[in-house]
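Below: one structure, written as structure tokens.
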Amino acid sequence: MTRRGSIAVTHPRLDADKLGPFRFGRIDDKVLLTHDTGQWHLLSEPDFEALLAGTLGPDHPDHAALVDKGFIRDGMDADAIADRLRRKKRWLGMGPHLHVVITTLRCNQSCKYCHASRTDMDRVDTDMSIDTARLVVDHALRSPSPFIAFEFQGGEPTVNMDVIRFIVEYSRERNRNEGKTIEYSLVTNMTRMDEDKAEWLLANDVFLCTSLDGPRHVHDWNRPFAGGQGSAPFDEVMKWVQYFNRRYVEMGRDPELWHVDALMTTTRKTLEHWREVIDLYVSLGIRNLYLRPLNPFGFIMKTWKAVGYDQEDFLRFYEQALDYIIDLNRDGVQIIEGTAALFLKKMLTPDDPNFVDLRSPIGAGTGQIAYNYDGTIFPSDEGRMVDAMGDPIFALGRLGELTPDEAIGHPTVKALAVASLLDTLPMCSTCWNAPYCGVRPLHNYMMSGDLFGQRPNTPKCKQHMTIARLLFERLSRDTDGSLEAIFRRWTLERPRETPPPDLDADGDAGASPAASSPASGDAAPDSAAATE
Amino acid sequence: MSDDALQDEIAFVEDGRRVALTLDEELYPRDAILGAAYLFVDRAWVFLSRPGDRQVEVRLKPKGDTDSAALEALAGEFANELLNQVLRVRIGESTGRIREYYMARAFFSTTTQSSIDQLLAELDEEELADDDLEISVPWDTPEPAADTPDEGPAVGDEEPPRA
């Protein structure tokens, strides 16, 4: 049966010539205005209507701020806005700073969600050779970026420790002429660690990140040893985290800046035990916890039914965990949620953390490069993961054959940039979250076979929208400023005494070359393809 | 120049499975309609068609179970989002040159404008340039009615086969 009806609508009075460029959305009962520079302002609905009508005058308490932020045209300083924008996007044109090196695909663990497509320990043919490692260094040091971060991943990268040692030593030697700032980080499951390796890593300022999925019954369920042999993986992680952290103190390093970082991958098991996960991180003194969802790469595509979850379940978990972490902060515990901190840095500071997977355009090929064990170059570790699943579409070429200029200018890199430029994408271009967000073309490709995807149907869009909304909602209700003070602490950074390692990435993010350790947390590795 | 507040009635038709709204492009620019439609592709199959000159029909078919009340609510949500999209389009049209100015100033060493005052003066004087190549003519100018498919093009995924 057909029924007809009508909807009464009122178009607001609009004097667009009195406005600056902005995006807007609703947060609670307020209207959120956001600017390309990342600045934002919350208005009541009546005040928003007055702004649109051009009647919000200089006598209004918010008028001066709205002019300064560029939301009102009369009095706007467009040159100052340009300066802010240039600072926000200062990484544009710098070239790849993050160089992910897959030293081997061999791994002694068989994680239920392995994104890295590990191979068994007898597959020595998946080890990187010294000759290939030399080409990696030569290629990376030709990047125009003055900051270079080598991040060792796998497999379990310490299985091929010789290549790690070679790259550190050879790159330092080469850098005598280059004069770049070079950092090193190792993403390890810690189960192949020994004192010889540990002391060398400490002596060479190689920053360490390990996977820690939670208490023993969660971690060992998620990340069993291949073949089920050996001691419990959880015990190995505990042992070596404590070893390194003790040694940093003995070496006179500030433990707030120098300690093993860790990150977790959320499985269905995590959702049941989320509070225990956070409590464990707090007990270990880890100050930066990434509540990281499963990604659509590698073995997880076959095991999703066993360990996966609905998007809504993850987002409910995230909100609960975020609020618990905020409560801990109110009680004086210094721990931050890593993804929230990335958004907050974009929202509350003039800078952008330059995480390669949360920026516009994405850093694939222009902010990071991944080198597979066999010398194949990819724009990101995710591209390498897609290749490991049998689809070579993101391979750019081979070391020794493809120059750095050719890699950056490769059509695949250009396609990834176009597919992630928020200013040109339907929905993103007008979305209030655009100044803080970043889309993931390789996720889209895996989910829909299309680099662009349809944003409302992509998990990353729902995650990023939810995280930003949760943060703005809490800021909106923060009448005494106490929460903003906590959030601002999450965005603070101070440098390590020696060159800090750069951070990234499981393919989930790579940190700014200029980034250093937040005062209230780590410099935020979001990492560990190697240990997945 | 300020536009006064405008009252409008958006007509809809629902049949228990889908709801259709007919929109006047004079009030609802096509970019606004497309922008609103895109935001609903996670919840509904969206079909667009042209029932008449300067008119666009948006037909929403929810992906899950639905009923008359839910369809009316969906139409209401669409109308609200459409108003937002109209604002975005109109603000974007009015502020586009300012945005181009500070983008160019931020990312290129030289710009064509030396000051915001000059830019604003240009905005005041700007007239539509000749368009001999008809670049501004929309690519999807409506075809004769006889060629219009019954359901129109879908915004969103392919509709799954019915059980």
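First the proteins, then the strands, lettered A, B, ... as listed; each starts at 1.
- Screening residues 40-56 of chain A for salt bridge (charged side-chain N to carboxylate O under 4.0 Å, His left out) gives Arg26(A)-Glu45(A) as the qualifying pairs, with residues at least two apart or on separate chains.
- Applying the side-chain hydrogen bond (donor to acceptor under 3.5 Å, both in side chains) test to residues at least two apart or on different chains, none of the pairs has a partner in residues 424-439 of chain A.
- Going from atom CG of Leu21(B) over to atom CD1 of Ile7(A) covers 5.5 Å, rounded to the nearest 0.5 Å.
- Top candidate by heavy-atom pairs under 4.5 Å with chain B, chosen from Ile81(A), Thr458(A), Thr55(A), is Ile81(A).
- Interface residue Leu83(B): only side-chain heavy atoms are found under 4.5 Å from chain A.
- Of the residues considered (Val86(B), Asn84(B), Leu39(B)), Asn84(B) shows the highest number of contacts with chain A, using heavy-atom pairs under 4.5 Å.
- Under the side-chain hydrogen bond (donor to acceptor under 3.5 Å, both in side chains) criterion, Lys18(A) pairs with no residue at all, not counting sequence neighbours.
- At a heavy-atom cut-off of under 4.5 Å, chain A is reached by Glu72(B), Ala75(B), Gly76(B) from residues 69-78 of chain B, listed in order of number.
- With a 6.0 Å radius and a threshold of 12 heavy atoms from other residues, nucleotides or ligands, Asp313(A) has its CG atom above the threshold.
- Of all non-hydrogen atoms in Ala82(A) and Ala106(B), the two that sit nearest each other are O-CB, 3.3 Å.
- Relative to the six-membered ring of Tyr38(B), Arg455(A) misses at least one condition, a distance below 6.0 Å or an angle of at most 45° to the axis.
- Pairing each heavy atom of Ala16(A) with each of Ser94(B), the nearest pair is O-OG, 3.1 Å.
- Judged by distance alone, with hydrogens and angles left aside, the side-chain atoms of Arg105(B) form no donor-acceptor pair with the main-chain N or O of Arg86(A) at under 3.5 Å.
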Inset, instruction - Tell me, with the steps shown, if Asn457(A) and Arg43(B) meet side chain to side chain contact (heavy atoms under 4.5 Å, CB included). - result: CA-CA 9 Å; Asn457(A) 285 320; Arg43(B) 305 157 58 186; over 6 Å; no
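- Rounding to the nearest 0.5 Å places CZ of Phe12(B) at 11.0 Å from CZ of Arg4(A).
- Looking at heavy atoms from C-beta onward, Leu6(B) lies out of side-chain contact with Thr10(A) at the 4.5 angstrom threshold.
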Inset, instruction - May I have the step-by-step check of side-chain hydrogen bond (donor to acceptor under 3.5 Å, both in side chains) for Asp15(B) and Thr2(A), ending in yes or no? - result: CA-CA 4 Å; Asp15(B) 63 3; Thr2(A) 299; 5.8 Å; no
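- Only the side chain of Leu92(A) comes within less than 4.5 Å of a heavy atom of chain B; its backbone N, CA, C and O stay farther away.
- What you find for Thr95(B) and Arg73(A) is that their closest heavy atoms are CG2-NH2, 3.6 Å.
- Summarising the geometry of Ser6(A) relative to Glu9(B), their closest heavy-atom pair is OG-OE1, 2.7 Å, with the distance given to 0.1 Å.
- Asp36(A) and Tyr102(B) share a side-chain donor-acceptor pair at under 3.5 Å.
- Side chains of Met103(B) and Leu85(A) form a contact here, defined as non-hydrogen atoms less than 4.5 Å apart.
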Legend entry - salt bridge (Lys or Arg N to Asp or Glu O under 4.0 Å) assessment of Asp17(A) paired with Arg90(B): CA-CA 10 Å; Asp17(A) 290 348; Arg90(B) 298 214 158 120; over 6 Å; no
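- The CD1 atom of Ile91(B) lies 5.5 Å from the CZ atom of Phe24(A); values are rounded to the nearest 0.5 Å.
- Inter-residue side-chain proximity for Asp42(B) and Lys462(A) is flagged as met; some heavy-atom pair is nearer than 4.5 Å.
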Inset, instruction - Could you please spell out the steps behind the side chain to side chain contact (heavy atoms under 4.5 Å, CB included) verdict for Tyr28(B) and His11(A)? - result: CA-CA 10 Å; Tyr28(B) 305 99; His11(A) 294 251; 3.1 Å; yes
